[in-house]
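Quick notes on the structure that follows.
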Amino acid sequence: MSASATRLRRLASVAVAVTACGGAVLLTPSVSSNDRASGHPTVESLRQIINDPSAVVPSRTLQESALIGTKSGPLDILVVGGGATGCGVALDAATRGLRVGLVEREDFSSGTSSRSTKLIHGGVRYLEKAVFGLDYGQLKLVFHALEERKQVIENAPHLCHALPCMTPCFDWFEVVYYWMGLKMYDLVAGRRLLHFSRYYSAQESVELFPTLARKGKGKSLRGTVVYYDGQMNDSRLNVGLACTAALAGGAAVLNHAEVVSFLKDEGTQRIIGARIRDNLSGQEFDAYAKVVVNAAGPFCDSVRKMANKDALPMICPSSGVHIVLPDYYSPDGMGLIVPKTKDGRVVFMLPWLGRTIAGTTDSSTSITPLPEPNENEIQFILDAICDYLNVKVRRTDVLSAWSGIRPLAVDPNAKNTESISRDHVVSEEYPGLVTITGGKWTTYRRTSFSMAEDAVNAAIKSGKLSPSNECITSNLRLIGGDGWEPSLFTALAQQYVRMKKSDGGKVVPGVMDTAAAKHLSHAYGTLAERVATIAQNENLGKRLAHGYPYLEAEVAYCARNEYCESAVDFIARRSRLAFLDTDAASHALPRIIEILATEHNWDKSRQKEEMQKAKEFLETFKSSKNAHFHDRKHQ
């Protein structure tokens, strides 16, 4: 029997087994405490707080004061790390009625969580590994992620949506193989299914994806199989988690604040808090807590070594490089996934915020605060996608490029990063310090096998805490999400104008065009009207960069309501301009810094410092080698 036939037979047999033995369970998931929570009085009261038109997050000054004043009454939980997991832990704990603080050395989502593939995926690649490697750990991760994927989309509908992804097939075996595999993916998803996968002929495929080549691998295109996963605006989702925790749960969240050492009980040596440095003011203070949760992502080992200098590594850092190309590389609303390139890696092209993201999978790396993409990796991506496109692929088309470090949980028996499970690990090796690492964006919250929930449960056990209720985040929409509808942008376009200051200082009205209105609706949800009001009433309706919908009003809004404390905070995490186009971000910087200076009372020295830091940050995105535009023309 050939290897291909063996693979197909095994795939079919597993599909039958899933249907016969586990299908009923997967298609009708058990009802957990989270699923029953939608009618919980606490959920309803939190929804009222979040949706209060007059509600605003506490200022950064108040948040810092709340952390400083914990000596007389310690926090229940202090979270170290403001990525997806850390902010998820803060939201989960705070909405259980616990007193929570969170500190982040840089900005919310400044690390791995803003440098993702932007997919909320169930791990179709891991399903293949689970089947052919008989790996239950990989299969369990797929089950959990698929169950959670749709929940994440529902909790932040303005920031997340379903995205069809096309897999090209150049022989009939590939058609059958991928069709069967993706049908199994549908089956495992059960009621959490986004849309059914399906096969398209070669002609239908090029109509859906005009730049798709009809020939590849020396063979003619036989068709494509299209399946659905989720897509998100990752850093804005992360910031939404932080702001929701602060607003709904009363969590004291503080970015640009670094743990420099732990506080320990002199008798028991249990950790009882942390010494924290405010990196904006230089001030240091002590914050006391019954339990500290280490959610520092790739840096969790360095945090662990503050408690125990002999602590062994828990993570294996893995790098993922991504590039951004012009929109004409892929159609709006259809991604392209190439499961196996010439070196066995996955390469994808995904439409995102009006541009195209292309990327590799994993490769080993060292840990650094600002990872940079390697030119060889960038060229590999360009070469790989070139094989599947009918357009010329050029390095000069690259608008931005970045690298992200994934903190994969170490498996001592693994031979490479592909074999390391993306599932998470929760441990308390040192009294009072609970560490969570591993996992991925889709499972930051999770229901029955949570990252945030597991970490909070471990913290409750460690500190003998008394929450007022169980985890309720499965049915709690993030700030801006409750009541949002895709048609919201029409109200913005009809009811608001963009008042703009001309170069001569004259204020002129401008239409709230569809592009700007849609952008505000998707970036801010139901809070978009607040941004539109600033654009109209404070004469901040001008675009920050040609060809992009970002408005001056957003800088002011984010400084007031989203803890935007630096120019890099805005170009990288509040807007995504640095990720979309380094040249456009560079040209927008002077005006961004001018507005932030007004909001934060910066002097000339601070403004100059902000410009220097932002330029250095953009260089880690290969800004000097990326596409540049002059006089609105691509050079």
Side-chain angles (χ1 to χ4, degrees), residues 106-107 109-110 114-115 233 235-236 321-327 329 352-358 369-375 378 394-404 500-501 503 515-516 519 523 540-559 564-600 602 604-635:
E106 297 296 335
D107 183 28
S109 198
S110 60
S114 64
R115 297 166 181 259
N233 187 333
S235 70
R236 288 211 55 80
V321 174
H322 303 78
I323 64 175
V324 171
L325 298 162
D327 56 352
Y329 272 83
W352 184 66
L353 300 182
R355 297 295 180 265
T356 299
I357 290 181
L370 286 175
E372 295 187 38
N374 184 290
E375 279 294 327
I378 293 174
R394 308 176 299 176
R395 175 63 178 88
T396 53
D397 285 338
V398 176
L399 302 171
S400 185
W402 73 88
S403 174
K500 305 177 289 184
K501 282 186 179 179
D503 294 337
H519 158 65
L540 292 174
K542 197 172 182 178
R543 277 184 164 81
L544 289 166
H546 176 73
Y548 293 88
Y550 300 111
L551 306 181
E552 295 172 329
E554 295 179 64
V555 185
Y557 175 84
C558 293
C564 180
E565 302 295 332
S566 73
V568 172
D569 288 356
F570 185 80
I571 63 173
R573 271 88 60 177
R574 302 313 183 278
S575 76
R576 309 313 308 275
L577 205 48
F579 285 79
L580 292 171
D581 189 331
T582 54
D583 187 56
S586 181
H587 282 85
L589 276 174
R591 182 56 178 149
I592 291 170
I593 292 172
E594 183 181 4
I595 297 171
L596 287 174
T598 300
E599 295 295 325
H600 294 313
W602 291 345
K604 294 294 184 182
S605 175
R606 174 63 186 274
Q607 293 179 53
K608 184 177 180 180
E609 180 185 352
E610 286 291 321
M611 178 63 76
Q612 181 63 28
K613 286 183 177 179
K615 292 285 189 181
E616 292 173 357
F617 176 83
L618 288 176
E619 192 53 42
T620 67
F621 283 58
K622 300 297 182 182
S623 58
S624 61
K625 297 184 179 180
N626 296 335
H628 288 75
F629 295 82
H630 302 283
D631 299 325
R632 301 184 179 181
K633 294 181 180 179
H634 188 184
Q635 300 296 315

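What you see below is based on every heavy atom in this structure, not just the backbone, and it leaves out hydrogens, waters and symmetry mates.
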I would like to know whether E594 and R591 meet salt bridge (Lys or Arg N to Asp or Glu O under 4.0 Å); could you show each step before the answer? CA-CA 5 Å; E594 183 181 4; R591 182 56 178 149; 3.1 Å; yes
Kindly give the heavy-atom pair with the smallest separation between [X] and [Y], and that separation in Å.
{"X": "A358", "Y": "L325", "value": "CB-CD1, 4.4 Å"}
{"X": "P549", "Y": "A515", "value": "CB-O, 3.8 Å"}
{"X": "W602", "Y": "A567", "value": "CH2-N, 4.3 Å"}
{"X": "R355", "Y": "G547", "value": "NH2-O, 3.6 Å"}
{"X": "C564", "Y": "H600", "value": "O-NE2, 2.9 Å"}
{"X": "P326", "Y": "T356", "value": "O-OG1, 3.2 Å"}

Given 3.5 Å as the limit, does a donor-acceptor pair link the side chain of [X] with the main chain of [Y], or not?
{"X": "S575", "Y": "F570", "result": "yes"}
{"X": "S235", "Y": "S114", "result": "no"}
{"X": "R395", "Y": "I378", "result": "no"}

Charged N-O contact under 4.0 Å between R606 and E610: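 Yes, charged N to carboxylate O under 4.0 Å.
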Side-chain ion pair, E552 and K500, N-O less than 4.0 Å: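 Salt bridge absent between E552 and K500.
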Does a side chain donor of either R574 or Y550 reach within less than 3.5 Å of an acceptor in the other side chain?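 Distance-only check fails for R574 and Y550.
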Any luck finding a side-chain donor-acceptor pair between E554 and H519 under 3.5 Å?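 Present: a donor and an acceptor within the cut-off.
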Is there a side-chain contact (heavy atoms from CB on, under 4.5 Å) between D569 and E106? Walk through the geometry before answering. CA-CA 9 Å; D569 288 356; E106 297 296 335; over 6 Å; no
Within the 4.5 Å heavy-atom criterion, are [X] and [Y] side-chain neighbours or not?
{"X": "L551", "Y": "L544", "result": "no"}
{"X": "D397", "Y": "Y329", "result": "yes"}
{"X": "H322", "Y": "P373", "result": "no"}
{"X": "L580", "Y": "L399", "result": "no"}

V568 vs D107, side-chain contact (heavy atoms from CB on, under 4.5 Å): CA-CA, chis, key distance, verdict: CA-CA 9 Å; V568 172; D107 183 28; over 6 Å; no
Distance check, rounded to the nearest 0.5 Å: [X] atom [atom1] versus [Y] atom [atom2]?
{"X": "C558", "Y": "R236", "atom1": "SG", "atom2": "CZ", "value": "5.5 Å"}
{"X": "H546", "Y": "D583", "atom1": "NE2", "atom2": "CG", "value": "11.5 Å"}
{"X": "I357", "Y": "I323", "atom1": "CD1", "atom2": "CD1", "value": "10.5 Å"}
{"X": "L353", "Y": "F579", "atom1": "CG", "atom2": "CZ", "value": "11.0 Å"}
{"X": "E619", "Y": "S586", "atom1": "CD", "atom2": "OG", "value": "10.0 Å"}
{"X": "L540", "Y": "K501", "atom1": "CG", "atom2": "NZ", "value": "7.5 Å"}

Test log, rule side-chain contact (heavy atoms from CB on, under 4.5 Å), inputs D581 and V324: CA-CA 8 Å; D581 189 331; V324 171; over 6 Å; no
Sequence neighbours left out, what passes side chain to side chain contact (heavy atoms under 4.5 Å, CB included) with T582? Give chain and number order.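 So T582 forms a side chain to side chain contact (heavy atoms under 4.5 Å, CB included) with S400, L618, F621, S623, N626.
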